[in-house]
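Reviewing the structure listed below.
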Amino acid sequence: QGQLVQSGGGSVQAGGSLRLSCAASGFTYIRHYMGWFRQNPGKEREGVVGISTGGTATYYDGSVKDRFIISRDNAKNTLYLQMNDLKPEDSAMYYCAACLDAPFPCETLRRDLYSFWGQGTQVTVSS
């Protein structure tokens, strides 16, 4: 059974940086498009960034573009999210997720296309 285990996150002041990691096991990681989602209480989980199977194509929501960097190490089956210049509005529970690439349009970051989810990591940014 596929599993994603997250690490990192925590609390930081505005302008600070955090790094999230997501270790995959139990499925063919290299065949899966990977994404990071975030959610606040009472709101829908939204896709923030995504990365193709080979790591050559990325997608960034406008709210995090030029501040967040997604990357993956296929040799280690691990996904990363480097978050820089954090803002209070970035505070949320962050989830990594995997979507089987082809034929699914994983780059749309539609939640229903993602089969495996991490346990979630809280990120809190204070002003």
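In what follows, every heavy atom counts, from backbone to side chain, and hydrogens, waters and symmetry copies are set aside.
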Worksheet item: Given side chains that start at C-beta, do those of Asp66 and Tyr60 come closer than 4.5 Å, heavy atoms only?
Response: no

Worksheet entry | All pairs passing disulfide (SG to SG under 2.5 Å) where residues 28-66 contributes a residue, at least two apart | none

Item to complete: Identify whether Met83 and Met93 are in the same connected component of the hydrophobic contact network (ILVMFWY, side-chain heavy atoms under 4.5 Å).
Response: no

Worksheet item: What about Val64 and Ile69, same hydrophobic cluster or not, with Ile/Leu/Val/Met/Phe/Trp/Tyr joined at side-chain heavy-atom distances under 4.5 Å?
Response: yes

Practice prompt. Rounded to the nearest 0.5 Å, what's the gap from OG on Ser71 to CG on Leu79? Could you check?
Written response: 7.0 Å

Worksheet item: Which residue pairs pass the ring-ring contact (aromatic ring centres under 6.0 Å, His included) test with at least one member in residues 1-30, sequence neighbours excluded?
Response: Phe27-His32, Phe27-Phe116

Worksheet item: Between Ala97 and Leu4, which heavy-atom pair has the shortest distance, and what is it?
Response: CA-CD1, 3.8 Å

Worksheet item: Are Tyr59 and Leu113 linked, directly or through other ILVMFWY residues, by side chains that come within less than 4.5 angstrom of each other?
Response: yes

Fill in: All side chain to side chain donor-acceptor pair (under 3.5 Å) counterparts of Asn74, not counting sequence neighbours
Arg72

Worksheet entry | side chain to side chain contact (heavy atoms under 4.5 Å, CB included) partners of Val12, counting only residues at least two apart | Leu18, Leu86, Val125

Worksheet item: If you round to the nearest 0.5 Å, how far is OG of Ser63 from CG of Asp90?
Response: 7.0 Å

Worksheet item: Can you tell if the side chain of Leu20 reaches within under 4.5 Å of the side chain of Val123, non-hydrogen atoms only?
Response: yes

Discussion item. Under the rule for side chain to side chain contact (heavy atoms under 4.5 Å, CB included), what residues qualify as partners of Ser126, not counting sequence neighbours?
Written reply: Gln13

Worksheet item: side chain to side chain donor-acceptor pair (under 3.5 Å) with Arg31: which residues, sequence neighbours excluded?
Response: none

Item to complete: For the residue pair Tyr94 and Phe68, categorise the inter-ring angle as parallel (less than 30°), tilted (30 to 60°) or perpendicular (more than 60°).
Response: tilted

Residues 45-55, side-chain donor-acceptor partners within the protein, below 3.5 Å, at least two apart:
{"from": "Arg45", "atom 1": "NE", "to": "Gln39", "atom 2": "OE1", "distance (Å)": "3.1"}
{"from": "Arg45", "atom 1": "NH2", "to": "Gln39", "atom 2": "OE1", "distance (Å)": "3.2"}
{"from": "Glu46", "atom 1": "OE2", "to": "Arg38", "atom 2": "NE", "distance (Å)": "3.2"}
{"from": "Ser52", "atom 1": "OG", "to": "Gly55", "atom 2": "N", "distance (Å)": "3.4"}
{"from": "Ser52", "atom 1": "OG", "to": "Thr56", "atom 2": "N", "distance (Å)": "3.2"}
{"from": "Ser52", "atom 1": "OG", "to": "Ala57", "atom 2": "N", "distance (Å)": "3.0"}
{"from": "Ser52", "atom 1": "OG", "to": "Ala57", "atom 2": "O", "distance (Å)": "3.4"}

Item to complete: Could you grab the distance from atom CD of Gln6 to atom CG of Leu81, nearest 0.5 Å is fine?
Response: 10.0 Å

Worksheet entry | Any residue meeting side chain to side chain donor-acceptor pair (under 3.5 Å) with Asn84, in chain and number order, not counting sequence neighbours | Ser17, Gln82

Worksheet entry | Beyond-backbone contact of Trp117 with Phe37, side-chain heavy atoms, under 4.5 angstrom | yes

Fill in: Close side-chain approach of Tyr114 to Tyr95, heavy-atom, < 4.5 Å
no

Worksheet item: Among all residues two or more places apart in sequence or in another chain, which pass the side chain to side chain contact (heavy atoms under 4.5 Å, CB included) test with Lys76?
Response: Asp73, Thr78, Tyr80

Fill in: Pairwise distance CD(Glu89) to OG(Ser127) - rounded to 0.5 angstrom
10.0 Å

Practice prompt. Identify, with sequence neighbours excluded, every residue that meets salt bridge (Lys or Arg N to Asp or Glu O under 4.0 Å) alongside Arg19.
Written response: none

Fill in: Listed once per pair and sorted, the disulfide (SG to SG under 2.5 Å) pairs that draw on residues 11-95, sequence neighbours left out
Cys22-Cys96

Item to complete: Any pair with a residue in residues 107-127 that passes salt bridge (charged side-chain N to carboxylate O under 4.0 Å, His left out), sequence neighbours left out, goes on the list, sorted by first then second residue, please.
Response: Glu44-Arg111, Arg110-Asp112

